[in-house]
Amino acid sequence: MDYRINNEAIVACVIAQVVKRGPYDIPIVVGAVNLLMRKKFRKKALTTSGDNVKELTMIFGQLDGSLLGVILNSMTMLIEGGCMQKADGKLVLTDSGQELCQEMIGGESKMLNDVLNDMDQILFKYECVDLKKLYQQFWIA
């Protein structure tokens, strides 16, 4: 299978799992998935203390935008495939998206399983960060 298509499929699965936690704005999903897909930074984020936002902010400062195209393509695949939709400016899963999330649990992709194993702990820390300030700090917004 084409390496790029494989990455987009894995990223689509990660996006669906992130959005499954609740409706999020697109920039929040993009930032979370960018962090989750980078093993080096994901491991750093796991070792930060839960209340130390400064450490997590420093990790975000080291991320680049090289996955942005893959993330947006994957998001488009999910929306056009009827698994996800925008509602009130936020991304939400449809019933098909919920089914997709159920089917991917315990799948054969080691990379996806590694990300999903770390996801809850990282997203808990990620949700504590004021993303508006973070994006302004890095001149994103």
Side-chain angles (χ1 to χ4, degrees), residues 1-46 48-141:
M1 178 182 275
D2 183 315
Y3 181 77
R4 186 170 165 205
I5 291 173
N6 189 36
N7 273 349
E8 286 173 344
I10 291 171
V11 169
C13 291
V14 173
I15 290 169
Q17 289 290 344
V18 168
V19 173
K20 179 182 171 187
R21 291 180 57 95
Y24 290 113
D25 293 326
I26 291 173
I28 293 173
V29 174
V30 170
V33 172
N34 194 21
L35 175 62
L36 289 167
M37 291 305 298
R38 310 294 182 123
K39 184 176 183 176
K40 172 183 166 183
F41 297 112
R42 193 172 69 238
K43 296 304 176 191
K44 279 185 181 181
L46 285 172
T48 64
S49 58
D51 59 337
N52 195 341
V53 174
K54 188 173 186 174
E55 289 178 55
L56 199 52
T57 303
M58 286 176 31
I59 292 169
F60 271 103
Q62 297 171 10
L63 291 170
D64 63 24
S66 62
L67 282 179
L68 184 60
V70 174
I71 293 169
L72 293 177
N73 285 344
S74 300
M75 201 175 289
T76 301
M77 287 179 354
L78 288 168
I79 292 170
E80 289 183 3
C83 293
M84 193 169 62
Q85 61 188 18
K86 280 178 36 179
D88 297 325
K90 302 205 182 274
L91 295 172
V92 294
L93 289 181
T94 62
D95 291 340
S96 297
Q98 294 287 348
E99 288 177 31
L100 174 68
C101 287
Q102 278 302 115
E103 291 176 13
M104 72 179 74
I105 304 295
E108 294 182 24
S109 170
K110 180 178 178 353
M111 182 179 180
L112 178 59
N113 288 333
D114 288 347
V115 171
L116 295 181
N117 285 336
D118 296 340
M119 186 176 69
D120 284 337
Q121 189 176 358
I122 289 174
L123 286 180
F124 176 75
K125 293 176 183 185
Y126 181 81
E127 290 168 347
C128 297
V129 175
D130 182 349
L131 292 175
K132 208 175 240 183
K133 284 184 182 177
L134 181 67
Y135 283 141
Q136 287 171 345
Q137 178 179 344
F138 297 116
W139 299 307
I140 296 171

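- Residues R42 and M37 approach most closely at NH1-C, 4.3 Å, considering heavy atoms.
- Applying the side-chain hydrogen bond (donor to acceptor under 3.5 Å, both in side chains) test to K43 and every residue at least two apart in sequence or in another chain returns D118.
- Closest heavy-atom contact between L91 and M75: CD1-SD, 3.8 Å.
- Residues in residues 58-73 take part in these salt bridge (Lys or Arg N to Asp or Glu O under 4.0 Å) pairs, two or more places apart or across chains: R38-D64.
- Taking D95 as the reference, nothing meets the side chain to side chain contact (heavy atoms under 4.5 Å, CB included) condition, with sequence neighbours excluded.
- C13 SG to M111 CE: the interatomic distance, rounded to the nearest 0.5 Å, is 11.0 Å.
- Taking every heavy atom of both residues into account, S96 and G82 meet most closely at CB-O, 3.7 Å.
- The backbone N or O of V30 lies less than 3.5 Å from no partner atom in the side chain of N34, so there is not a single donor-acceptor pair.
- To the nearest 0.5 angstrom, L112 atom CG is 9.0 Å from M119 atom CE.
- For D25, the side chain to side chain contact (heavy atoms under 4.5 Å, CB included) partners are P27, I28, K90, not counting sequence neighbours.
- Rounded to the nearest 0.5 Å, atoms CG (D114) and CG (L36) are 12.0 Å apart.
- Of all heavy-atom pairs between L78 and I15, the closest is CD1-CG2, 3.6 Å.
- With sequence neighbours excluded, the residues that form a side chain to side chain contact (heavy atoms under 4.5 Å, CB included) with K20 are Q17, L93, Q98, C101, Q102.
- The line from CD1 of I71 to OG1 of T76 is 11.5 Å long, rounded to the nearest 0.5 Å.
- Across all non-hydrogen atoms, the minimal contact from Y24 to V18 is CE1-O, 3.3 Å.
- Residues satisfying the side chain to side chain contact (heavy atoms under 4.5 Å, CB included) test with K44, not counting sequence neighbours, are K40, F41, I59, Q62.
- In this structure, NZ in K86 is found 7.0 Å from CD1 in I79, a value given to the nearest 0.5 Å.
- Atoms CG and CG, on N117 and L46 in that order, are 10.5 Å from each other to the nearest 0.5 Å.
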